[in-house]
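Each remark here refers to the structure printed beneath this line.
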Number of protein chains: 2
Amino acid sequence: MSNVINESGILAISTRLQRLADSLRKDGQQIYKAHGIDFEPKWFPVIYTLHLKDTMSVMEIAAEIGYTHPSTISLLKELEKQKLIRSRKDRQDERKRLLTLSEKGQELVQQMLPVWKRMEKALTALTNTTNNLMAAIAEVEAQMEEKGFYERERGIR
Amino acid sequence: MSNVINESGILAISTRLQRLADSLRKDGQQIYKAHGIDFEPKWFPVIYTLHLKDTMSVMEIAAEIGYTHPSTISLLKELEKQKLIRSRKDRQDERKRLLTLSEKGQELVQQMLPVWKRMEKALTALTNTTNNLMAAIAEVEAQMEEKGFYERERGIR
DNA sequence: TGTATTTATGTAGTCAACTACGTAGTTTTA
DNA sequence: TAAAACTACGTAGTTGACTACATAAATACA
């Protein structure tokens, strides 16, 4: 752990958030690997979405997972290459491309469900401290919704 | 805000951390701009370190800010181009390159000190909710130190 | 109806971190 | 004291997100 980042306190908060996110993502990667599952943590939002909703367009998925559409498109491209999802044109609206899980994708989800349960337990144990991280994130997101960092700084007397 | 990311709960925690980090960094950028200061939030750890320690080698800075040395080198290169820092070889050990703030760098720090104060206030207001985010991060970091996400998942019965 | 606007998708290039690997001094040791 | 090992620094290429721009289909409106 770094000295300056701790001592400079809250000013380095985005660096610390980033670092925490990175190491959780990397551990996630290792966990799938240890279970013999060929899956990247970054695929989770798309796969989980299609598991719940069955058929969605590119823009719908992007909105649902909260990514920009270019990022979403590149994820979808990767998942299609992995044969985890399939796409077809919408007959009603030919601008749209509709995505669904493939057979392989559905099987993979079934295989991952118990692993997701285990991950949830581990993450809960990890983050359920005096100040709960998930709750803290939700609270800060709500605060930002109300008034962002920029507006708040501008408002300091 | 995204539905799936919220509903899938803790499994998407790294995505949410990342997103929060990004938006704080972007707002930081805007704040410097609004104060007419030509400064990137990512430069903060290096500049703050050199402000405190005066003279350090590349590896010392990397260790201090907790980045890998290639990342640090590219930051230093940028800062040298901006003329905010200066470098010279170490006479004792010619492998080492010693960095210090330039005149311009020192002046910039003086200009930024009050802005950092304001940012601290705004960030404190933003994050000081029921579950304090800074405290939660520190607690989770400590938990990870003790036993990481990977080890915890492996240990689930 | 044909033109303007909006919407859905795609492409190119950027950014800030990383890992892997290479080179050149320094230190240790047989 | 020369070879081996280590340390400091640098470069190249990757990753996973982004913004800006382009295109094509659908819709609105004069």
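Chain identifiers are assigned alphabetically (A, B, ...) following the order of the sequence lines, protein sequences preceding nucleic acid strands; residue numbering begins at 1 within each chain.
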Using a cut-off of strictly less than 4.0 Å, decide whether [X] has a side-chain nitrogen or oxygen near OP1 or OP2 of [N].
X       : N      : result
A:Lys89 : C:dA8  : no
A:Lys77 : C:dT11 : yes
A:Ser71 : D:dC18 : yes
A:Thr68 : D:dC18 : yes
B:Ser74 : C:dA17 : no
B:Tyr67 : C:dC18 : no
B:Arg97 : D:dG10 : yes

Grab the [atom1]-[atom2] distance between [X] and [N] for me, whole Å please.
X       : N      : atom1 : atom2 : value
A:Lys42 : C:dA17 : NZ    : P     : 19 Å
B:Lys26 : D:dC18 : NZ    : P     : 7 Å
A:His69 : C:dT7  : NE2   : P     : 14 Å
A:Arg25 : C:dT19 : CZ    : P     : 10 Å
A:Leu17 : C:dA16 : CG    : P     : 17 Å
A:Leu24 : D:dG16 : CG    : C1'   : 16 Å
B:Met59 : D:dA8  : CE    : C1'   : 6 Å
A:Arg91 : D:dA26 : CZ    : C1'   : 18 Å

Does B:Gln92 reach a base, just sugar-phosphate, or nothing at all? Heavy atoms under 4.0 Å.
sugar-phosphate
Heavy atoms under 4.0 Å, any strand shown: does B:Asp93 hit a base, just sugar-phosphate, or nothing?
sugar-phosphate
May I ask you to check whether over 12 heavy atoms, not counting those of B:Lys33, lie within 6.0 Å of atom NZ?
no
Look at the side chain of [X] and decide which nucleotide, out of [options], has an atom nearest to it.
X       : options                : value
B:Ile73 : C:dT26, D:dC18, D:dC9  : D:dC9
B:Leu75 : D:dG16, C:dC18, C:dA17 : C:dA17
A:Glu94 : C:dG25, D:dA26, C:dT9  : D:dA26

Ignoring hydrogens and geometry beyond distance, is the side chain of A:Arg95 in donor-acceptor contact with the base of C:dT9 at under 3.5 Å?
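Answer is no: no donor-acceptor pair is held.
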Under the 3.5 angstrom rule, does the side chain of B:Gln110 hit a backbone N or O of B:Glu107 as a donor-acceptor pair?
no
[Y] and [X] side chains, donor-acceptor separation under 3.5 Å:
X        : Y        : answer
A:Ser14  : B:Arg25  : no
A:Thr129 : B:Gln143 : no
A:Arg97  : A:Ser87  : yes

For B:Ser57 and A:Gln29, find the nucleotide of DNA chain D closest to each by heavy atoms; which residue's nucleotide sits nearer the 5' end?
B:Ser57
At what distance, to the nearest 0.5 angstrom, does CD1 of A:Ile85 lie from OG1 of A:Thr100?
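It is 8.0 Å, given to the nearest 0.5 Å.
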With DNA chain C as reference, determine whether A:Gln18 or A:Leu76 sits nearer its 5' end, using the nearest nucleotide of each.
A:Leu76
